[in-house]
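Each remark here refers to the structure printed beneath this line.
Since the model is a prediction, treat every value here as computed from it, not as a measurement. FYI, side chains are in, hydrogens and waters are out, and symmetry mates aren't considered; it's all heavy atoms of this structure.
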Number of protein chains: 2
Amino acid sequence: MDEGTRWLTAEERAAWLAFVAATTLLDGALDRQLQREAGMPLAYYQILAMLSEVPARTLRMSELADITQSSQSRISHAVARLERQGWVLRRPCPDDRRSTFAELTPAGLAALAAAAPGHVRSVRENLFDVLSTEQVGQLAAICRAMLGPLTADPDARPVPGACAD
Amino acid sequence: MDEGTRWLTAEERAAWLAFVAATTLLDGALDRQLQREAGMPLAYYQILAMLSEVPARTLRMSELADITQSSQSRISHAVARLERQGWVLRRPCPDDRRSTFAELTPAGLAALAAAAPGHVRSVRENLFDVLSTEQVGQLAAICRAMLGPLTADPDARPVPGACAD
DNA sequence: GCGTCACTGTTGAACTTTCAAACAGTAAGG
DNA sequence: CCTTACTGTTTGAAAGTTCAACAGTGACGC
């Protein structure tokens, strides 16, 4: 059954191992840095960051799930936690009463502002400071190429129908 | 205090957002594919894969932690689970009685062999099939550059001293 | 030998994520 | 209306990860 499998070439294999190691370590490093210096995991930072860049600092739960590439269940649990911490506020949506708005509070914005410099420094140290300008462009092109199949791939969607237009 | 922060340039920011999205989605896609077709999460597949490529299909727990870029605690829990499933066997190390060997069982090898083709296909579809040969080389170079600071960075090490030679 | 310190691995509690199921609201057809 | 299907969100249990604490060894100096 696997006679037809196209295994990886030596170059692909080397690239793959380096990719897995680098992304795993980078993720861990960023998570640890945030946890240590700001007391929040990377996933929560990303939620706060997304909310901060949007009009009225408010998004519907499902939009938040889409934009952070996570499942609705995860967002629901995470926002519940952030709400307990006073960083996010949940409000019903008047137009569609199925929907809920998540709004960044001033305290949440302050926590984000306090965490941001350290996070950016960490991203810089571990990624951009070791790449040439050319490599930054190459990386962006590579990632954009990956996004094609990934955004179409049913495997990549956390929740069926989460990306419905 | 954050006056001195070097924020990301527009190019860096674009690259960063694409990178986060692509790696998050790729990770999710691979995990789902394995979970669905082989009934195991990606993290466990990687443990089995590492064990399968080593003499006697046996590694010390700490070596396994190093090679998979994960913490000792994580490996301990994961191997305990894999052992319950009959895919890995734990044995005491005669030379150093602190150490424990983790050995891939025939059943574990069979499970890995059954899972591998689908996994490789998924890696191909979502990564290598959308990249040119040139881009594969660029990606490898970029990841190798990242590994420099990451392997030296204390943030990136799950457990202090885990990488001691 | 003995004390000290580093190293290996495990454990249990806390936390996060996932999975499946439930729930409430909306939309469409008869 | 009533039914049916679908959408947006929540929930609780199960699974996985992390963290801190612990126990058992080994290595080194005195």
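- Comparing D/dA15, D/dT7, D/dT17 by their nearest atom to the side chain of B/His77 picks out D/dT17.
- A distance of 6.5 Å separates CG in A/Asp95 from CZ in A/Phe101, rounded to the nearest 0.5 Å.
- Contact between the side-chain N/O atoms of A/Tyr44 and the OP1/OP2 oxygens of C/dC15 is not found at any separation under 4.0 Å.
- Of the candidate nucleotides D/dG26, C/dT8, C/dT18, C/dT18 has the atom nearest to the side chain of A/Ser73.
- Judged by atom type and distance alone, A/Arg98 reaches the base of D/dT7 through a side-chain donor-acceptor pair under 3.5 Å.
- Residue-level contact check: B/Ser76 touches the bases, meaning some heavy atom is under 4.0 Å from a base atom.
- Side-chain contact check for A/Thr68 and A/Ser70: at least one donor-acceptor pair (N or O, by modelled atom type) lies under 3.5 Å.
- Using modelled atom types, one finds no donor on one side chain facing an acceptor on the other under 3.5 Å when comparing A/Gln138 with A/Glu134.
- A/Ala80 comes within 4.0 angstrom of nothing in the nucleic acid, heavy atoms only.
- For B/Arg90 and C/dT10, the shortest distance from a side-chain N or O to OP1 or OP2 is below 4.0 Å.
- Across D/dT17, D/dT10, C/dG9, the shortest atom-to-atom separation from the side chain of A/Met61 is found for D/dT10.
- The side chain of A/Gln35 has D/dC19 as its nearest neighbour among D/dC19, D/dT25, C/dT17.
- Ion pair A/Arg6/A/Glu12 not flagged as a salt bridge, since none of the NZ, NE, NH1 or NH2 atoms sits closer than 4.0 Å to an Asp/Glu carboxylate oxygen.
- Taking only side-chain atoms of A/Arg60, from C-beta outward, the nucleotide of D/dG8, D/dA13, D/dT10 with the closest atom is D/dG8.
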